[in-house]
Protein chains: 2
Amino acid sequence: MAETARRPEHRYGNRPTMKDVAARAGVGLKTVSRVVNGEAGVTPDTERRVQEAIESLGFRRNDSARVLRKGRTASVGLVLEDLADPFYGPLSRAVEEVARAHGALLINGSSAEDPEREQELALALCARRVDGLIVIPAGQDHRYLEPEMKAGVATVFVDRPAGRIDADAVLSDSFGGSRAGVAHLIAHGHRRIGFIGDQPRIHTATERLRGYRAAMEEARLDVEDSWVSLGPTDPERVREAVTAMLSGPEPVTALFAGNNRVTVTAVRALAGREHPVALVGFDDIELADLLGITVIAQDAAALGRTAAERLFRRLDGVEEPPAQVVLKTTLIPRGSGEIPPPPSA
Amino acid sequence: MAETARRPEHRYGNRPTMKDVAARAGVGLKTVSRVVNGEAGVTPDTERRVQEAIESLGFRRNDSARVLRKGRTASVGLVLEDLADPFYGPLSRAVEEVARAHGALLINGSSAEDPEREQELALALCARRVDGLIVIPAGQDHRYLEPEMKAGVATVFVDRPAGRIDADAVLSDSFGGSRAGVAHLIAHGHRRIGFIGDQPRIHTATERLRGYRAAMEEARLDVEDSWVSLGPTDPERVREAVTAMLSGPEPVTALFAGNNRVTVTAVRALAGREHPVALVGFDDIELADLLGITVIAQDAAALGRTAAERLFRRLDGVEEPPAQVVLKTTLIPRGSGEIPPPPSA
DNA sequence: CTGAAAGCGCTAACAA
DNA sequence: TTGTTAGCGCTTTCAG
């Protein structure tokens, strides 16, 4: 039986190794390594022989082995909430671009807003020895990452801060953005404004609610309990919240939507109504311009880029205390936020 | 100097290994391995001692080493065009879910519609020894993957077929979908219909154009050269194409948009016009329902899921000849496609 | 039930 | 310029 055929089945579908190439080219193992990695110190003639052997054998360097030896994987992990959410696509892409510029690959996974799954994913990535980790937290306690960070896994949190540990974070100004949005509605004459947001355990949800309350308070407006609804962002729940706030003797005249999922459903829910209801949403949405939806825009790509750049700066050995970077948001008036309250109100 | 401190710097930020755990627990290396992997044959007492050592040292198994030994990486690669495109988000997420169900992680990268970058990425993933590869081709020649596939990297193409090699592919019915869309416009009275699509080297672009031509021919309608425009899908180019087709003595009365990027720009370009122009777009878009945009919907998530399932079936050792799976598309009438031509036409 | 030894494919260090 | 040796941290094999 031939040498090659005797190899154990588990060997990556029996791919040739540097040893095989060396044998074929009649050179030493290290010479093959030199050629493969473009190191100096190989005669053109030797190099050619090695190259031929590589071609004919279909050799490709096994990076698993390389990684084991070098101690760096040239890959970063990204744990986000849902790759299918239009907010995370551009963010993810931006991280990828930065990673690529640094010669690293991106491994990413969705937590589906489940803290356990977030942890499972993040730790799996650590076990793979990613050089760095970018996390959009689903959970509120990240002490589980402390040993990993101490052991050298650079970690940056995005969109939401880490819970119970001190770590880098890149955030949008949820509080300020939402305060500005609500102030905008107030400036257009509204007094009864509803807030529909994500689950209260999500940092951005409570921050945006805080912004809402701040704007109301600054205008000396009381907030009734029935005007605030936090919870999952599935269409049913949001639709019910909208309906509830618009019913009764004293309905709200305007709505502030806490994120893109809420905005989309709110727009649909409001579409069929007799009297127009003012709306401002957090996050920009594709085609919102055509629908005239006023939004507080945040730059998802900038969020990802900033976080990734910070990560690679850490990987390059820059030592600074952990810091939070907060990116500004922009109010984009497009019509829905400028609808005045009905005269009767 | 202590043992630990003497370790070379490159060792993953000096993380403890099984050897360290073994020393600490006063057991053999293999016993640690058994505990870590939940293998049978360890006394509860020994197990407890090992667990304690693991905790106190903050040990986490190094999967790089494991992979090297086992020959399987439990990861799959996904090469797509642009993670930021709303079409690829759900596709990517679907692949991820299937991978997760099989205990695998997802490494993904964007080719930015550049064939060289596609190849570079795909081969980098092969070097990492991903168990399988899912590729949304940017290029038209995938012979470069042949050695990898022969060497055992299961590969499935999605959205577009592989070029010049025989391989599995999961596609949407671009031809049929676009033929149905154009036939729909014809049924609503249009005779002069424009087609704006992606670059001609992209398979789906030409297939959709073919569907357009087929529908026109079936209705015995001639197609003027100026009614067809293929090219990059950036807003400027598309906007110019729209303007051109709607100018002159005999403008088109309806447009068929070849993909979601084109549709979005076309809708914007048509928004300001005096006379409404009929429009059908390939791909559904968020909020298209509210804007009344008639589309040929394809199921991006199903595309990803189907491809990933096929991939894992191959990884499980199922041997079948490569096949193409074509998923049906759905015409969703919402108004824009049902606008009749102006009486003058 | 437990552990020692070999080796996965590569790179670093050192010889020749 | 080239080759040899010794690991990287783990799993496999096989012997206690």
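Between the CE atom of B:M18 and the P atom of C:dG7 there is a distance of 20 Å, given to the nearest Å. A straight line from CG of B:D63 to P of D:dC8 spans 18 Å, rounded to a whole angstrom. Atom CZ of A:R49 and atom P of D:dT2 are 8 Å apart (whole Å). Look at CG on B:N62: it is 18 Å from P on C:dC8, rounded to the nearest Å. Rounding to whole angstrom units, CZ of residue A:R61 and P of C:dC8 are separated by 19 Å. Here the C1' atom of nucleotide D:dC10 and the CZ atom of B:R72 are 18 Å apart, to the nearest Å. Per the geometry, CG belonging to B:L68 stands 11 Å off P belonging to D:dT11, to the nearest Å.
Using a 4.5 Å heavy-atom cutoff, the side chains of A:L123 and A:E148 are in contact. You'll find the side chain of A:I202 reaches within 4.5 Å of the side chain of A:R160, heavy atoms only.
With values rounded to the nearest 0.5 angstrom, B:R34 atom CZ is found 10.0 Å from B:L29 atom CG.
Checked by atom type, the side-chain pair B:R61/B:N37 shows a donor-acceptor distance below 3.5 Å. The closest side-chain donor-acceptor pair between A:T73 and A:D131 falls under 3.5 angstrom.
OP1 or OP2 of C:dT11 sits under 4.0 Å from a side-chain N or O of A:N37. Taking 4.0 angstrom as the limit, A:K70 places a side-chain polar atom (N or O) nearer than this to OP1 or OP2 of C:dA12.
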What are the atom names and distances for every N/O pair under 3.5 Å that joins the protein to nucleotides 2-6 of chain C?
residue : atom : partner : partner atom : Å
C:dT2   : OP1  : B:T43   : OG1          : 2.7
C:dT2   : OP1  : B:T46   : OG1          : 2.6
C:dT2   : OP2  : B:T43   : N            : 2.8
C:dT2   : OP2  : B:T43   : OG1          : 3.2
C:dT2   : O4   : B:R34   : NH2          : 3.4
C:dG3   : OP1  : B:G28   : N            : 3.3
C:dG3   : OP2  : B:G28   : N            : 2.8
C:dG3   : OP2  : B:T31   : OG1          : 2.4
C:dG3   : N7   : B:R34   : NH1          : 3.4
C:dG3   : O6   : B:R34   : NH2          : 2.7

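The aromatic rings of B:F157 and B:H142 sit perpendicular to each other, their planes meeting at more than 60°, with 30° as the lower class boundary.
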